[in-house]
Protein chains: 2
Amino acid sequence: MTQKRQATSITQVAAAAQVSIQTVSNAINYPDRVKPETRQRVLQAIQALDYTPNLAARRLRSIHTTSVAVRIDSNAVTESGARGLYAGFIQDEFVYQLTAAGERRGVKVVAYTAEDSEQEITQLKRLVNSRDADGIVLTSTVENDPRLDVLASMRVPFLSFGRPWGAENLYSPEHAWVDVDGGFGTAAATRMLWARGARRIAFIGWVMHRTVPGRMQSTAEDRRVGWVKALRELNPAFTAMTARKWEVLGEESVAKGREGARRLLSQHPDVEAIVCASDTLALGALLETTSAARSDVIICGFDNSPVSKEFGFSSIDQNLDQVADAALDVLTSVTSRVRRPTDQGQAEVAHVLLQPQLIER
Amino acid sequence: MTQKRQATSITQVAAAAQVSIQTVSNAINYPDRVKPETRQRVLQAIQALDYTPNLAARRLRSIHTTSVAVRIDSNAVTESGARGLYAGFIQDEFVYQLTAAGERRGVKVVAYTAEDSEQEITQLKRLVNSRDADGIVLTSTVENDPRLDVLASMRVPFLSFGRPWGAENLYSPEHAWVDVDGGFGTAAATRMLWARGARRIAFIGWVMHRTVPGRMQSTAEDRRVGWVKALRELNPAFTAMTARKWEVLGEESVAKGREGARRLLSQHPDVEAIVCASDTLALGALLETTSAARSDVIICGFDNSPVSKEFGFSSIDQNLDQVADAALDVLTSVTSRVRRPTDQGQAEVAHVLLQPQLIER
DNA sequence: CTGAAAGCGCTTACAG
DNA sequence: CTGAAAGCGCTTACAG
């Protein structure tokens, strides 16, 4: 493709403001270095000429670069996948908020695609080598994630949205992350239902593929634990035993939510409310209670996705705008920490756990 | 942020291959200009050193630039909006496919956000001035879209995904577009239902805010017309009059789909199938026919979104991978046409209408 | 077919 | 506080 029109360059701004191009550069990047009057003159010229710095030139020359890469995924229906009603809601929204947060602070967010882990590693190398990204935001990390080694060996700053479940040490200074406290959300949901008068509050969640006492292993466990903890606080008679009787765990689908609610209704006809680990499960549960003429059972979902609004049930919002802001904060702080390896003091900044927000409906 | 590691540059490749940097550049960009043996040597060195060209340098120097911008939107639930179950499905998926198609051909897709048209214009200027994008892919264009004038005055090549409904001439060479033939899709759905034995086939769609005889004005009209045309072909007794009795038009929501189906069931208890303009409307219709114990009524949706899979109804897939490929093709051809203004011959390339695909379930 | 020179638009030292 | 010089890594003419 062709460059259409000769854009304004720093030279023209310098001429208009009657200073050198270095002074224009300084006025933009190091305002303190130039006299207020000069800066004024430069800023006026910039405004008058509608000047925007050429980012390619800046990035070529500068030590400071300012872009982070994040993967985007398809939500198309495929044979293998597309679990749930809108499985990609959180990731899509996160990418949106990250892009918006980046625009606010002059950080470019570049998206890339990859169909599997191997392709993604190729992409990461390409992005870093071509200087298209100097920081990576990972999503959906898995145990022994191969991407982590690659990034470490390339010495590229990275951060994950989501805790590295299964890692020996969730708070390793090697692995910065930002995450949302799911248990806080389901606990808040449980308390809200209690406050509305419900006492028999069940849970529909995801299967936990492995559990280790005293060590959280998955989002599935995280969300379940919030429900258990809140009920134990509210009702001393509620035990780990009781929990197992009042929960149904399965895969992420409307059908499983429906099935779960059916089982709960039959085993516990006196159930008054159900906390769900997702809006997809919640919709299933809602459709089942409705068709069983049990609309008295209150349903609460998770993610505050459009489906929760359409069907009018309460849900937990992850506040992804805050997550995105924190992600860029942490990535920046990680970068500066890498620069000063002696400064161990701020390691804790590298892990941010944010609270989600209950949206009552 | 800081550059971590000294990346391989063209100089090192040149040294390794024992040629000059120009020859390396030529081997990459103009393979025909170098002797096969030399090219081999260069390619081996590139491979051995894991070299990726610095895009900032390339873009700074080169006349050819290779990035297009596209807007991404939030799908979060807000007071004002978030219509339907997953209103952003098509746009999100389009952006994904555009990014993937771009990666295949070395075109970077940069995403930007904007809350309104005014903000978007600011963003477009910024993107173009900073040489971050030299082509724009617009989505959801409206009548008298203010973005069009801005892009025209900046002489930036652009294309819209979606026809400029309401424009005097849909095929103006000034406005390149790629779109999907919605009417083709609903006609295919109607024929499929007929083939399955249904004769009384109703339609639930969106309100058409204005209609002009002989001139299509909206996606709402486009999708409705496909249903009408197919039925007129299949059933000579079906008239414009009949159409008005067998359709319900409203806003995009599950509740409206439900309401539409309720009305159809009461006015036409013998209805056998319903074609819907969206998966959201289709879900509403499905829930209504199910709760009215009329599961014999076949429902067909539009977009082949995850909800159509979860609930197992047929739908129309827009084949967004093809749309994305066509978009990049057209944007490239538009660019080259701008370069040679005398070459009027290929104007028709600038408008591509693709056929969607019926997914039967 | 190959290479020496120039330069894209900036920022970074550094001299004044 | 300001400006002259150098150079980031490429591609583009152009000379040989």
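Quick note on labels: first sequence line is chain A, next is B, and so on, each numbered from 1. These values consider heavy atoms only, across backbone and side chains, with no hydrogens, waters or symmetry-generated copies.
- To the nearest angstrom, C1' of D/dT12 lies 13 Å from CZ of B/Arg58.
- There is a side-chain donor-acceptor pair under 3.5 Å between B/Gln22 and B/Ser20.
- Taking CG of B/Asp145 as the reference point, atom OG of B/Ser160 lies at 8.5 Å (rounded to 0.5 Å).
- The phosphate of C/dC10 (OP1 or OP2) has no side-chain N or O of A/Ser25 nearer than 4.0 angstrom.
- Between the CG atom of A/Leu55 and the P atom of C/dC10 there is a distance of 9 Å, given to the nearest Å.
- Across the protein-nucleic acid pair, B/Ile10 atom CD1 and D/dC10 atom P stand 5 Å apart, rounded to whole Å.
- Scanning DNA chain C for stems, defined as runs of 3 or more consecutive Watson-Crick or G-U wobble pairs whose donor-acceptor distances all fall under 3.5 Å, gives the following ranges: C:1-3 with D:14-16, C:5-12 with D:5-12, C:14-16 with D:1-3.
- Proximity note for A/Ser9 (side chain, C-beta onward) versus D/dT11, C/dT11, C/dG9: the nearest is C/dG9.
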Distances under 3.5 Å only, N/O to N/O: pair up the protein atoms with those of nucleotides 2-6 of chain D.
residue : atom : partner : partner atom : Å
D/dT2   : OP1  : A/Thr38 : OG1          : 2.4
D/dT2   : OP2  : A/Lys35 : N            : 2.9
D/dT2   : OP2  : A/Thr38 : OG1          : 3.3
D/dG3   : OP2  : A/Ser20 : N            : 3.0
D/dG3   : OP2  : A/Ser20 : OG           : 3.4
D/dG3   : OP2  : A/Thr23 : OG1          : 2.9
D/dA4   : N7   : A/Gln22 : NE2          : 2.2
D/dA4   : N6   : A/Gln22 : NE2          : 2.9
D/dA5   : N6   : A/Gln22 : NE2          : 2.8

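- At distances below 3.5 Å, at least one donor-acceptor pair connects side-chain atoms of B/Thr99 with backbone N or O atoms of B/Val95.
- A/Asp92 and B/Asn75 share no side-chain donor-acceptor pair at under 3.5 Å.
- Between A/Pro36 and A/Leu60, the residue whose closest nucleotide on DNA chain D is further toward the 5' end is A/Pro36.
- Among residues two or more places apart in sequence or in another chain, the side chain to side chain donor-acceptor pair (under 3.5 Å) test is passed with B/Arg41 by none.
- Within the 3.5 Å criterion, the main-chain N or O of B/Ala76 finds a donor-acceptor partner in the side chain of A/Glu93.
- A tilted orientation is assigned to the rings of B/His351 and B/Trp177, their planes being inclined by 30° to 60°.
- Here the straight-line distance linking atom OG of A/Ser9 with atom CG of A/Asn54 works out to 9.0 Å at 0.5 Å rounding.
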message: side chain to side chain contact (heavy atoms under 4.5 Å, CB included), that's the test. Do A/Lys125 and B/Thr52 meet it? Break it down for me.
response: CA-CA 9 Å; A/Lys125 285 182 178 166; B/Thr52 315; over 6 Å; no
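- Taking atom CD1 of residue B/Ile28 and atom P of nucleotide D/dT12, one finds them 12 Å apart after rounding to whole Å.
- Applying a 4.0 Å cut-off to non-hydrogen atoms, none of the residues of residues 42-54 of chain B approaches DNA chain C.
- For C/dT12, one of the phosphate oxygens OP1 or OP2 lies less than 4.0 angstrom from a side-chain nitrogen or oxygen of A/Tyr30.
- Take A/Phe94 and apply the ring pair (Phe, Tyr, Trp, His ring centres under 6.0 Å) test, not counting sequence neighbours, and it matches A/Phe161.
- Residues satisfying the side chain to side chain donor-acceptor pair (under 3.5 Å) criterion with B/Gln123, sequence neighbours excluded, are A/Glu103, B/Arg126.
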